[in-house]
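For reference, the structure discussed in these notes is given below.
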Amino acid sequence: MLEYIHFGSIINYCFKRSQHVEDFNLMLTRKRDAIFETVIIAFIQSVLLAFLLNGLLVGIGPRFWWVNSNILLIDGHYALLTQVAYTLLPVIQPNPLITMGSIFPYVAVWGFFAGYLLPREFAAKNARWLTYLSPTYHFACANAKASNGQIRLPGSNCKAIGYHLTFINPLLLFVIVCISYLKIRNSMRVKANNAELASLRSKPLAVARVGDEDDKAGDEAA
């Protein structure tokens, strides 16, 4: 549920990102991507909302929902990275239809290769590595490691908690790599354009004065 609300808001995120790019082109803002501001907004919205929802669940059924404070911090960590990933996704492709279509493989891995709908040992041998790209797998293993034995996943091959916290949202890592590539490519294009412009400026320009051709025509007629 922490990720579905963002998947359903991709159209809204693309619309807002397009408006921001338009403001950047109109020189109304100095930042095109505003990554730092996106993280601040995600912290205010998702983390506080995750804490609030956990508080409501604990208030309804404290014996069932409350494990320890580490689980609450993991929920906030996952909510923060998830909103940052989906909010920055339109930086790569601002078209909402293309964005939603291209994210379908990630959604399939998110659900079917998490290890609970389709156990990992029942999957094809060449596809078992896809489990490590599922955020629900990392989220469940991180909760199991932080629960001090209260949450058990006997059928899952969990690793150290730091590993799962790092890769708890593989989509964010993909978005960061793509944005870094786009920034490097754009900077190389800017340097190439500046070099071409500098070479053009260094070449002398032949400037003809107004009336030179008329004077030449008059001399020939005379």
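Positions are given from 1 along the sequence.
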same_hphob_cluster(Ile98, Leu171) at 4.5 Å side-chain heavy-atom cutoff
no

Test item: His164 side-chain N/O and Lys159 main-chain N/O as donor-acceptor pair under 3.5 Å:
yes

Is it the case that the side chain of Thr99 and the backbone of Pro90 share a donor-acceptor pair, with hydrogens and angles ignored and the cut-off at 3.5 Å?
no

Measure centre to centre between the rings of Phe167 and Tyr132, then say whether the value is under 6.0 Å.
no

Is it true that a side-chain atom of Ser187 and a backbone atom of Ile184 form a donor plus acceptor pair closer than 3.5 Å?
yes

Taking the side chain as C-beta and beyond, is there a heavy-atom pair between Tyr78 and Pro135 under 4.5 Å?
yes

How close do Pro105 and Gly101 get, counting heavy atoms only, and between which atoms?
CD-O, 4.1 Å

Is the shortest side-chain heavy-atom distance between Ile103 and Val107 below 4.5 Å?
yes

Within the 4.5 Å heavy-atom criterion, are Leu89 and Tyr13 side-chain neighbours or not?
no

Between Leu52 and Leu48, is any pair of side-chain heavy atoms under 4.5 Å apart?
no

Flag side-chain contact, heavy atom, 4.5 Å: Leu80 against Ser46
no

In terms of heavy-atom contacts, does CD of Gln19 have more than 12 from other residues, nucleotides or ligands at under 6.0 Å?
yes

Within-4.5 Å side-chain heavy-atom neighbours: Arg17 and Thr38
yes

So does Arg185 have more than 12 non-hydrogen atoms from other groups sitting under 6.0 Å from CZ?
yes

Any side-chain heavy-atom pair from Asp75 and Asn143 closer than 4.5 angstrom?
yes

Assess whether atom CZ of Phe174 is packed by more than 12 heavy atoms of other residues, nucleotides or ligands within 6.0 Å.
no

Looking only at side-chain N and O atoms, does Tyr163 offer a donor or acceptor that is under 3.5 Å from a partner on His138?
no

Counting distance only, does the side-chain N/O of Asn68 pair as donor-acceptor with the main-chain N or O of Ala146 below 3.5 Å?
yes

Would you check if Val175 and Tyr86 make a side-chain contact, meaning some heavy-atom pair closer than 4.5 Å?
no

